[in-house]
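Data block below; observations after.
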Amino acid sequence: DTEVTQTPKHLVMGMTNKKSLKCEQHMGHRAMYWYKQKAKKPPELMFVYSYEKLSINESVPSRFSPECPNSSLLNLHLHALQPEDSALYLCASRPARPSNTEAFFGQGTRLTVV
Amino acid sequence: AQSVTQLGSHVSVSEGALVLLRCNYSSSVPPYLFWYVQYPNQGLQLLLKYTSAATLVKGINGFEAEFKKSETSFHLTKPSAHMSDAAEYFCAVSGEAGGTSYGKLTFGQGTILTVHP
């Protein structure tokens with residue numbers, strides 16, 4: 001199984017809503033990532049979890065709250081988002097070692113904030 | 001800090017023609033380099049990766065790339081374009097997964113490949 005599964009595929013939420021994005025992998029990868037991708041732009045790193053601990057937060061606003069409950073699951077909790085947060089949110093995973101392994105990406109969640 | 005630069009945000013070729021997508025990197029340490037492809041509204045799929053084992057790397061769908069340290073380049077090529085190759089291509093660099101960057105990827109700006117019949 002070399003899949004990273006993201007749910008939901010599409011999400012429309014109001015600015016006062018609370019929602020969560022889910023990411024799951026069963027490859028035994030201990031590094032997991034959230035990226036945000038705006039239209040016609042490359043993915044930008046938001047968070048990195050290594051061995052279930054938050055290791056990098058790229059100065060992301062607190063309205064985005066990541067969580068890694070176990071080694072297979074990564075969540076992104078959303079609250080009070082702004083329309084400019086509309087984007088494709090990508091989850092990725094890779095082994096924490098060795099370093100020459102690639103990251104596997106999910107299909108993404110297309111988020112629209114209204 | 002590591003970075004990659006992709007020359008040309010759009011490349012257009014005819015079906016059957018050579019595909020050349022350019023990527024230059026900047027890194028103070030030996031880099032790990034990757035090419036990913038993204039189809040509309042989908043995630044990223046790995047085409048190939050450079051991990052210092054060989055300078056000429058072959059990937060999926062007939063793509064290959066050559067690592068040239070003297071030119072700090074990792075250009076992607078395919079001898080004969082197919083209509084199904086139309087997509088956006090990203091070059092990316094990462095550091096050590098066990099290091100302080102935790103293996104995060106830094107992407108170039110992307111190149112949209114259009115293939116004409």
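Per chain, numbering begins at 1; letters A, B, ... match sequence-line order.
Looking at B:Leu46, the atoms closer than 4.5 Å to chain A (heavy atoms on both sides) all sit in the side chain, from C-beta outward. Neither the backbone nor the side chain of B:Gln45 comes within contact range of chain A; no heavy atom of the residue lies under 4.5 Å from a heavy atom of that chain. Using a 4.5 Å cut-off between heavy atoms, A:Glu44 does not touch chain B at all. For A:Tyr35, the part lying near chain B is the side chain, with the backbone staying farther off; criterion is any non-hydrogen pair under 4.5 Å.
For chain B, the option among A:Ala103, A:Cys91, A:Ala31 with the highest count of heavy-atom pairs below 4.5 Å is A:Ala103. Counting heavy-atom pairs closer than 4.5 Å to chain B, the top-ranked of the candidates A:Gln6, A:Gln37, A:Lys9 is A:Gln37.
A heavy-atom distance below 4.5 Å is not found between the side chains of B:Gln2 and B:Ser26.
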Full working for side chain to side chain donor-acceptor pair (under 3.5 Å) between A:His29 and A:Ser93: CA-CA 6 Å; A:His29 293 171; A:Ser93 72; 2.8 Å; yes
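Rounded to the nearest 0.5 Å, atoms CD (A:Glu24) and CE (A:Met27) are 11.0 Å apart. Remark: B:Leu76 CG to B:Lys78 NZ distance equals 10.0 Å, nearest 0.5 Å.
For the ring pair (Phe, Tyr, Trp, His ring centres under 6.0 Å) with B:Tyr89, the qualifying choice from B:Phe34, B:Phe63, B:Tyr36 is B:Phe63, the only one to do so.
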